[in-house]
Amino acid sequence: MDYSIRIEKTEDGSYTLYNPEFDEHYHSRFGALTESLHVFIQSGLSTQLYRDNISILEIGFGTGLNALLSFQELRNSNQSCVYVGIDTFPVDLKIFDPAKIEISENTILDVKLWSQIIATPWNEAIEILENQNLLKIEANMLDYAFSELFDCIYFDAFAPDKQPELWTAAVFAKLYRLLNNGGVLTTYSSKGQVRRNMIEAGFRVEKIPGPPHKREMLRAWKD
């Protein structure tokens, strides 16, 4: 069976990857950009913009789209940012190079910055923009010992039926401990068991409107 990851165009004109081994897309087929903006930037990062210094953890770094959108959101502000993305199956430029994709000239995406994010070495902290730092970690988050706390967590792992080991109460308890008070975790999932696992871990959880073609998603707070 061919398990080669391939690039696919989504309904809003942006691109995602399809992993045949997991039979899973990295973003919504109905709009990769639309989903990332809604789930992670508007529902997550925007709630933390009152902080002078923002720290973000992404579970499932993927194509780096969420990192790009976060840096674009913050680069014209006076806020500093530390962005940590962890992924067991890292994507590199040989698989996905934004500079080689026919991205519309009207897009909000900074393709040059996006390519820079993808090309950044793994396991090495890099200043991507002034006061904006990126650390991509190639590791399994189940085993990795984080040394810092975060204000915002983007939980962008493959779906619960594809990677059930990442959606347990124990995992969410680990992430709860990694959040600063007032911090937030967002995910595209709205499954009842995921919500119950988050609550068991200590989160205050709310269902909010999801991106296109998805009625609801989950947002979890550390009060």
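Basis for what follows: all heavy atoms, side chains included, without hydrogens, waters or symmetry-related copies.
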Any idea which heavy atoms bring Glu24 and Ala159 closest together, and the distance? OE2-N, 2.9 Å
Go through Glu11 and Arg29 one step at a time and tell me if the side-chain contact (heavy atoms from CB on, under 4.5 Å) criterion holds. CA-CA 6 Å; Glu11 288 189 8; Arg29 293 178 293 108; 5.9 Å; no
Just do the ring-ring contact (aromatic ring centres under 6.0 Å, His included) check on Tyr188 and Phe155 with the steps written out, would you? CA-CA 8 Å; Tyr188 59 86; Phe155 197 82; 8.3 Å; no
Identify the residue among Arg75, Gln116, Gln72 that makes a side-chain hydrogen bond (donor to acceptor under 3.5 Å, both in side chains) with Asp110. Arg75
Between CD on residue Glu216 and NZ on residue Lys214, distance to nearest 0.5 Å: 9.0 Å
Start with the C-alpha distance between Met141 and Leu166, add both sets of side-chain angles, then the distance that settles side-chain contact (heavy atoms from CB on, under 4.5 Å), and finish with yes or no. CA-CA 8 Å; Met141 68 84 54; Leu166 295 182; 3.9 Å; yes
Parallel, tilted or perpendicular, as decided by the 30° and 60° cut-offs, for the rings of Phe61 and Trp122: perpendicular
Counting only N and O atoms by type, is there a donor-acceptor contact under 3.5 Å from the side chain of Lys136 to the main-chain atoms of Gly64? no
Rounded to the nearest 0.5 angstrom, the NZ-CD1 distance for Lys94 and Ile118 is 14.5 Å
Quick one: salt bridge (charged side-chain N to carboxylate O under 4.0 Å, His left out) partners of Arg196, sequence neighbours excluded? none
Pairwise side-chain contact, Thr63 with Ile95, heavy-atom cut-off 4.5 Å (strictly under): no
Heavy-atom distance under 4.5 Å between the side chains of Tyr26 and Leu65, does that happen here? no
How long is the span from the CH2 atom in Trp221 to the CZ atom in Phe203, to the nearest 0.5 Å? 11.5 Å
Spell out, as yes or no, whether a donor-acceptor pair under 3.5 Å connects the side chain of Lys222 to the backbone of Leu179. yes
Tell me if the CD atom of Glu130 is crowded by more than 12 foreign heavy atoms within 6.0 Å. no
Between Asp156 and Thr187, do the side chains contain an N or O donor and an N or O acceptor separated by less than 3.5 Å? no
Identify the two heavy atoms, one from Glu148 and one from Val84, that lie closest to each other, and give their separation to 0.1 Å. OE2-CG2, 4.0 Å
Considering all heavy atoms of both residues, which atom of Ala173 and which atom of Ala201 are nearest to each other, and what is their separation? N-CB, 3.3 Å
Backbone of Pro209 reached by a side-chain donor or acceptor of His38 within 3.5 Å: yes
Main-chain N/O of Ala157 paired with Lys162 side-chain donor or acceptor, under 3.5 Å: no
So, for Ile86 and Tyr144, which heavy atoms are closest and what is the spacing to 0.1 Å? CD1-CB, 3.8 Å
Greater than 12 external heavy atoms within 6.0 Å of Lys100's NZ: no
As an exercise, state the distance from CG of Asn131 to OG of Ser80, rounded to the nearest 0.5 Å. 6.0 Å
side-chain hydrogen bond (donor to acceptor under 3.5 Å, both in side chains) filter on Glu58, not counting sequence neighbours, yields Asn66, Tyr83
Using atom types as modelled and distance alone, determine if a side-chain donor or acceptor of Thr47 lies under 3.5 Å from a backbone N or O of Gly44. yes
Assess the residue pair Leu175 and Leu185 against the criterion (side-chain contact (heavy atoms from CB on, under 4.5 Å)); give the C-alpha distance rounded to whole Å, side-chain angles, the decisive distance to 0.1 Å, and a yes or no. CA-CA 9 Å; Leu175 296 178; Leu185 179 153; 3.8 Å; yes
Which heavy atom of Phe158 sits nearest a heavy atom of Gln163, and at what distance? N-OE1, 3.1 Å
Does any N or O in the side chain of Asn133 come within less than 3.5 Å of the main-chain N or O of Val82, such that one atom is a donor and the other an acceptor? no
Spatial distance of atom CG (Leu68) from atom CG (Leu113) [nearest 0.5 Å]: 5.5 Å
State whether the side chain of Glu138 and the backbone N or O of Thr88 hold a donor-acceptor pair below 3.5 Å, judged by distance alone. no
Within a 6.0 Å radius of atom CG on Asn123, are there more than 12 heavy atoms belonging to other residues, nucleotides or ligands? yes
CD1-OG1 distance between Ile128 and Thr120, expressed to the nearest 0.5 angstrom: 3.5 Å
Exam field: side chain Ser190 to backbone Leu218, donor-acceptor pair closer than 3.5 Å: no
Is Asn197 reaching over with its side chain to a backbone N or O of Trp167, donor-acceptor style, under 3.5 angstrom? yes
Apart from Tyr18 itself, which Ile, Leu, Val, Met, Phe, Trp or Tyr residues share its cluster (side-chain heavy atoms under 4.5 Å, direct or through members)? none
Polar contact flag, side-chain donor to acceptor under 3.5 angstrom, Ser70-Tyr154: yes
Evaluate the side-chain contact (heavy atoms from CB on, under 4.5 Å) criterion for residues Ile56 and Cys81: first the C-alpha distance (whole Å), next the side-chain angles of each, then the deciding distance (0.1 Å), finally the verdict. CA-CA 8 Å; Ile56 302 168; Cys81 175; 4.0 Å; yes
Closest non-hydrogen atom pair, Asp97 against Ser115: OD1-OG, 3.2 Å
Test item: Ser55 side-chain N/O and Asp151 main-chain N/O as donor-acceptor pair under 3.5 Å: yes
Is there a path of hydrophobic side-chain contacts, each under 4.5 Å between heavy atoms of I, L, V, M, F, W or Y residues, that connects Met217 with Ile199? yes
